[in-house]
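What follows is one structure encoded as structure tokens, with my remarks underneath.
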Amino acid sequence: MIQRPRGTADRLPDAAAAWRLVAETFQRECELRGFAPISTPTIERTELFTRTTGDATDLAQKEMYTFEDRGGDSLTLRSEGTAPVVRAYVQNGLHNLLQPVKLYYITSIFRYDRPQAGRYREHHQIGAEALGDPSPAVDAEVIDLLWSTYRAMGIDDLRLELNSLGDPETRPAYRQALVDYFTPLADSMDFESRERLTTNPLRILDSKNPAVADLCEGAPRSLDYLSEPALDHFEELKELLKALDISYTINHRLVRGLDYYNRTVFEFVPPDAGSQSTVGGGGRYDYLAELMGADHVPGVGFGSGIERVLLNLERCGTSAVDPRSTEVYVAPLTDGAVADAMRLTRQLRDAGIAVECGFRGASPRSHLRRASRSQARAAVLIGTRESERGVVAYKPLDGAAQMEVPRVDAVNRILAVLGDES
RNA sequence: GUGGGCGUAGCUCAAUCGGUUAGAGCGUCUGGUUGUGGCCCAGAAGGCUGGGGGUUCAAGUCCCCUCGCUCACCCCA
């Protein structure tokens, strides 16, 4: 049997309610803030990701689903949410809209990685980006959106971690400070971290290797290397979060996995931080547009993994209820009644009632069993006895008395009865 | 890419020391007098025991390979 590709998942109907809860909650919070939906292609030119994400990142080095199409172009499945949205902003001239342009998306993300708990090769993210405004209030707006979304779903114990990476001008100095600090300690560091000494020293900070983690305690802090404007930006953001009653902790080791961030970076993590702890995270990326050859476009945004949100939903005991869908089950008792059963089904649906129809003549017992299991509120039986007398039998499934209604008037009568009950 | 654990029916699991025709519960379908659901009862369908090779009189069981799942590392959401 052909099986689904590794690291992918079939989402079966019983998961629908929870997914709908996440999507609808997020959409509502977005609409409350004037964020508009955007969607971008599943495939992008490979350079979009390689040039923005950073060469030394794992994402660019080994996690991209890249292929050559028949025309010889190198394309990559969306490995990240932000760069495509920034590309779309630039390509479609959205700088002509009122700034900042506030966008949100619900989309799939592809990364070639060994699957494990909370990690897939195809996963889904809710995400938002606010483009065209450098002020810290926009950072606060975006953080507030994600924080409020979690809260609205009953996830209220995530810790917001915050840091600032400063601007490109000050990055080299900080980077050098880290190199100076870690180089003498290289012997007690793991291979990966030693590699990063030359490729990406910032990333040493979020190593989970205990020995390296200890060394990081004394490492230089990016906040100490911020320029005056970047420091002001960070201070203002903290003030705004305070005003919004959003508590946070400063995490000096928070650097995020993508290179394009500057100034604000943040993550939401659960209290019992396991290995796949980050539920959502993001930051400011004022220079991302330039990396793809566009003019300067300041921006800030986040992505949050839906599968991980679901994990936390469960942990916090939030349960999503399926709305009962089928209201009426129409049961033909003979094969000869199927046509009229389907016609009545159509008429009821046209009147806005959710109806399921039994597809072949069968005993009342058989049909009523199915009707019960379909969660319908009532069954309509059509047999020879009914057809001969021009009626149908209407049977509420809550134990109330069965009644006969004229076939010609069936839709109106059923509408009336259903209306009375609800 | 590296390491650990696990693969028996759609699901959750049995199957003695290697020994007959691989079982159960749940679920599915059908039936339980004449045209009436849930509960209950009965019956049926459903298995290349993940796949391949080996050892053996005999393999679900032991060995090797492989594939898959899973957990962790790396990294991320």
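Chain letters run A, B, ... following the sequence lines, proteins first and then strands; every chain starts at 1.
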* Asked: How would you label the contact of A:Arg121 with the nucleic acid (heavy atoms, under 4.0 Å): base, sugar-phosphate, or nothing?
  -> nothing
* Asked: Just to confirm, is there a sub-4.0 Å distance from OP1 or OP2 of B:G1 to any side-chain nitrogen or oxygen of A:Arg114?
  -> no
* Nearest of B:C71, B:C69, B:G35 to any side-chain atom of A:Leu333? -> B:G35
* Using the ring-ring contact (aromatic ring centres under 6.0 Å, His included) rule, take A:Phe268 and A:Tyr150 through it: C-alpha gap first, then chi angles, then the decisive distance, then the call. => CA-CA 10 Å; A:Phe268 284 91; A:Tyr150 292 145; 5.2 Å; yes
* Could you say whether the aromatic ring of A:His367 and the base of B:G37 stack, counting only centre distances under 5.5 Å and plane angles under 30°? => no
* Just call it for A:Gly399: base, sugar-phosphate, or nothing, with non-hydrogen atoms closer than 4.0 Å on any strand. => base
* Asked: Counting just side-chain N and O atoms, does A:Gln116 come under 4.0 Å of either OP1 or OP2 of B:A72?
  -> yes
* To do: Flag this pair as yes if the NZ/CZ of A:Arg413 is under 6.0 angstrom from the six-membered ring centre of A:Tyr394 and inside a 45 degree cone about the axis; otherwise no.
  => no
* Asked: Between A:Arg373 and B:G38, is there a side-chain N or O to OP1/OP2 distance below 4.0 Å?
  -> no
* **Per A:Leu381 side chain, nearest of listed nucleotides B:U33, B:A77, B:G35** => B:G35
* To do: Using atom CD of A:Glu129 as one end and atom C1' of B:A77 as the other, report the distance to the nearest whole Å.
  => 14 Å
* Asked: How are the rings of A:Phe26 and A:Phe302 set to each other: parallel, tilted or perpendicular (split at 30° and 60°)?
  -> perpendicular
* Asked: Which nucleotide in the set B:U2, B:C76, B:G37 lies at the smallest distance from any side-chain heavy atom of A:Asp206?
  -> B:C76
* Asked: Should A:Arg369 be listed as having a side-chain N or O under 4.0 Å from OP1 or OP2 of B:G38?
  -> yes
* Length of the CZ-C1' vector between A:Phe110 and B:C76, whole Å -> 16 Å
* Quick one: A:Ile382 CD1 to B:U36 P, roughly how many Å, whole number? -> 18 Å
* To do: Please assess A:Val328 against A:Arg377 for the test side chain to side chain contact (heavy atoms under 4.5 Å, CB included), listing each intermediate value before the final yes or no.
  => CA-CA 6 Å; A:Val328 174; A:Arg377 293 165 59 187; over 6 Å; no
